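Reading through the structure tokens given below for one structure.
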Amino acid sequence: MKDIYVMKSGARALEQVQSVTSGCWINLENPSDKEIEETSAATGIPEDMLKAALDEEERAHIETDDGCTLILVDIPVMSGDKDWYVYSTLPLAMVYNDSYFVTVCLRDTAVLGDFIDHRVKNFDLNKRTRFVYQILYVNAIKFLGYLKQIDKTSSRVQQHLHRSMKNKELIQLLDLEKALVYFSTSLNSNQIVIDRLKSLSTLKHFEDDNDIIDDVIVENKQAIEMATIYRDIMGGTMDAFASVIGNNQNIVMKLLAAITICMTIPTIIASFWGMNVAVPFADLPGLAGFFIIVGITIAVLVPVVIIMFRKRMF
């Protein structure tokens with residue numbers, strides 16, 4: 001087994017151990033079927049509960065069965081390189097019984113990483129209710145942090161888009177808009193789970209934990225509001241840029257049409273004098289006839305150009 005952490009009585013930090021002991025926290029990151037079987041055998045938790053978070057499409061919910069409780073919520077994840085990050089969500093399962101607490105996710109997460117790296121104060125595995133609430137609180141804070149990053153990234157991409165109008169920036173905005181849809185949907189699902197926690201009989205509720213769950217509710221609702229606002233802004237921005245791109249295309253087409261008209265006039269006049277028939281000025285000496293034709297062309301072209309300028313076709 002790997003990724004097993006236990007808080008010893010009186011200890012201030014998590015200590016990694018190599019065997020499952022009563023009261024320990026087992027953290028599984030993208031576990032194999034064998035690891036699921038071993039964890040189930042050691043803890044008495046059903047395998048289907050442990051596998052719930054391995055389905056990326058699994059919705060947030062609470063489930064109880066034979067003394068075991070599953071609390072599944074969505075958490076924000078970020079991937080990519082330093083030039084561009086992709087934001088999405090993944091299920092995180094918190095499964096526990098009287099003796100063990102297990103978390104399962106498809107990848108390592110910043111939410112649980114804060115506990116493993118001792119960045120969360122005053123948490124104790126023996127106080128299971130508080131531990132669940134603190135995980136939910138850190139999760140809501142991570143959502144808020146990622147939402148702020150998405151907003152900053154959106155502003156930066158829009159500045160580039162004003163200058164370049166390339167497909168790359170539009171695709172990036174579409175990625176951010178999709179991330180906001182994922183976040184908004186996940187946060188609303190999480191809120192349903194959070195509202196149900198207070199009435200969950202398998203969690204012992206203490207008065208000291210009320211402040212924590214209240215903070216979780218406040219932070220999660222704030223994240224929902226932010227995600228909704230940013231999504232509406234992003235949708236309006238995409239519509240505005242689509243209109244701008246369409247308008248720019250019309251301007252280019254209008255300019256090309258004006259240039260085509262201006263080039264057509266000399267072509268038509270020259271075509272008349274290129275026919276194998278008698279034409280005016282053919283008997284004039286030297287280049288006199290040529291300059292007269294050029295003069296006629298200019299005389300016809302100048303008014304056309306002036307009219308186009310007044311119509312703002314250039």
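Keep in mind that this is a model prediction, so the values were computed, not measured. Numbers here simply count residues along the sequence, with the first being 1.
- Tyr100 is linked by a ring-ring contact (aromatic ring centres under 6.0 Å, His included) to nothing, counting only residues two or more places apart in sequence or in another chain.
- Within the model, atoms OG1 of Thr69 and CE of Met49 stand 6.5 Å from one another, a figure rounded to the nearest 0.5 Å.
- Under the 4.5 Å side-chain heavy-atom criterion for grouping Ile, Leu, Val, Met, Phe, Trp and Tyr, Tyr182 is not connected to Ile192 through any hydrophobic cluster.
- In Asn250, the CG atom is crowded: over 12 heavy atoms of neighbouring residues, nucleotides or ligands sit closer than 6.0 Å.
- Looking at heavy atoms from C-beta onward, Thr103 lies out of side-chain contact with Val95 at the 4.5 angstrom threshold.
- Qualifying ring-ring contact (aromatic ring centres under 6.0 Å, His included) partners for Tyr137, counting only residues two or more places apart in sequence or in other chains: none.
- Criterion: ILVMFWY side-chain heavy atoms under 4.5 Å apart, direct or through other members. Under it, Ile251 and Ile261 are not part of a common hydrophobic cluster.
- A heavy-atom distance below 4.5 Å is found between the side chains of Lys51 and Leu54.
- A side-chain N or O of Gln149 and one of Tyr87 form a donor-acceptor pair less than 3.5 Å apart.
- The two residues Ile298 and Pro303 have their closest heavy-atom pair at O-CD, 4.4 Å.
- Among residues at least two apart or in separate chains, there is no ring-ring contact (aromatic ring centres under 6.0 Å, His included) pair with a member in residues 32-61.
- Closest of all the heavy-atom pairs between Leu301 and Cys262 is CD1-O, 3.6 Å.
- By the side chain to side chain donor-acceptor pair (under 3.5 Å) test, Ser40 is found to be paired with no residue, residues two or more places apart in sequence or in another chain being considered.
- For Arg231, the side-chain contact (heavy atoms from CB on, under 4.5 Å) partners two or more places apart in sequence, or in a different chain, are Leu180, Val181, Ser184.
- Scored by the salt bridge (Lys or Arg N to Asp or Glu O under 4.0 Å) test, Glu58 finds no partners at all (sequence neighbours excluded).
- The closest side-chain donor-acceptor pair between Thr129 and Asp209, if any, does not fall under 3.5 angstrom.
- Of all the heavy atoms in Asn139 and Pro76, the pair that sits closest is OD1-CD, 3.1 Å.
- Legend: residues meeting side-chain contact (heavy atoms from CB on, under 4.5 Å) with Arg59, ordered by chain and number and at least two apart, are Thr185, Ser189.
- The salt bridge (Lys or Arg N to Asp or Glu O under 4.0 Å) test applied to Asp114 returns Arg119, Lys142, not counting sequence neighbours.
- When side chains are defined from C-beta on, Ile135 counts as touching Leu92, because their heavy atoms get closer than 4.5 Å.
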Please evaluate residues Phe101 and Val132 with respect to the criterion side-chain contact (heavy atoms from CB on, under 4.5 Å), reporting the C-alpha separation (whole Å), side-chain torsions for both, the decisive distance (0.1 Å), and the verdict. CA-CA 10 Å; Phe101 192 97; Val132 171; 3.7 Å; yes
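- Considering every non-hydrogen atom in both Ala53 and Pro91, the closest pair reads CB-O, 3.8 Å.
- Taking 4.5 Å as the limit, every side-chain heavy atom of Phe131 sits out of range of all side-chain heavy atoms of Met94.
- Leu144 is listed as a side-chain neighbour of Met226, based on a closest heavy-atom distance under 4.5 Å.
- In this view, Thr89 and Ser186 satisfy the side chain to side chain donor-acceptor pair (under 3.5 Å) rule, not counting sequence neighbours.
- Side-chain contact between Ile71 and Tyr96: present, with at least one pair of heavy atoms (C-beta onward) separated by less than 4.5 Å.
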Mind running side-chain contact (heavy atoms from CB on, under 4.5 Å) on Arg107 and Asn30 for me, showing each step along the way? CA-CA 5 Å; Arg107 52 174 289 186; Asn30 193 21; 5.9 Å; no
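- To the nearest 0.5 Å, the span separating OH on Tyr85 from OH on Tyr146 amounts to 10.0 Å.
- Heavy-atom contacts from other residues, nucleotides or ligands closer than 6.0 Å to CG of Asp195 number more than 12.
- Asp108 contributes atom CG, which lies 8.5 Å from atom CD1 of Ile116 (distance to the nearest 0.5 angstrom).
- Counting only distance, with no hydrogens or angles, the side chain of Asn190 and the backbone of Asp74 share a donor-acceptor pair below 3.5 Å.
- Remark: Phe143 engages Phe183 in a ring-ring contact (aromatic ring centres under 6.0 Å, His included) (not counting sequence neighbours).
- Summarising the geometry of Thr267 relative to Ser271, their closest heavy-atom pair is O-OG, 2.6 Å, with the distance given to 0.1 Å.
- Taking OG1 from Thr43 and CG from Leu50, the interatomic distance works out to 6.0 Å, rounded to the nearest 0.5 Å.
- When all heavy atoms of Leu70 and Ala93 are compared, the pair lying nearest together is CD1-CB, 3.7 Å.
- From Ile213, atom CD1 reaches atom CZ of Arg130 across 12.5 Å, with rounding to the nearest 0.5 Å.
- A distance of 10.5 Å separates CD of Gln172 from OG of Ser154, quoted to the nearest 0.5 Å.
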Go through Glu177 and Asp175 one step at a time and tell me if the side-chain contact (heavy atoms from CB on, under 4.5 Å) criterion holds. CA-CA 5 Å; Glu177 186 177 26; Asp175 287 342; over 6 Å; no
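- Residues Phe291 and Val302 fall within the same hydrophobic cluster, defined by Ile, Leu, Val, Met, Phe, Trp and Tyr side chains chained together at heavy-atom separations under 4.5 Å.
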Would you be so kind as to tabulate the donor-acceptor pairs closer than 3.5 Å made by side chains of residues 214-222, with sequence neighbours excluded?
from	atom 1	to	atom 2	distance (Å)
Asp214	OD1	Lys198	NZ	3.4
Asn220	ND2	Leu187	O	3.3
Asn220	ND2	Gln191	OE1	2.7

Verdict with supporting geometry, Met234 and Tyr230, side-chain contact (heavy atoms from CB on, under 4.5 Å): CA-CA 6 Å; Met234 185 72 69; Tyr230 290 161; over 6 Å; no
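- One hydrophobic cluster, built from ILVMFWY side chains closer than 4.5 Å, holds both Ile268 and Ile265.
- Remark: Thr109 pairs with Ile75, Cys105, Val111, Leu112 by the side-chain contact (heavy atoms from CB on, under 4.5 Å) rule, at least two apart or across chains.
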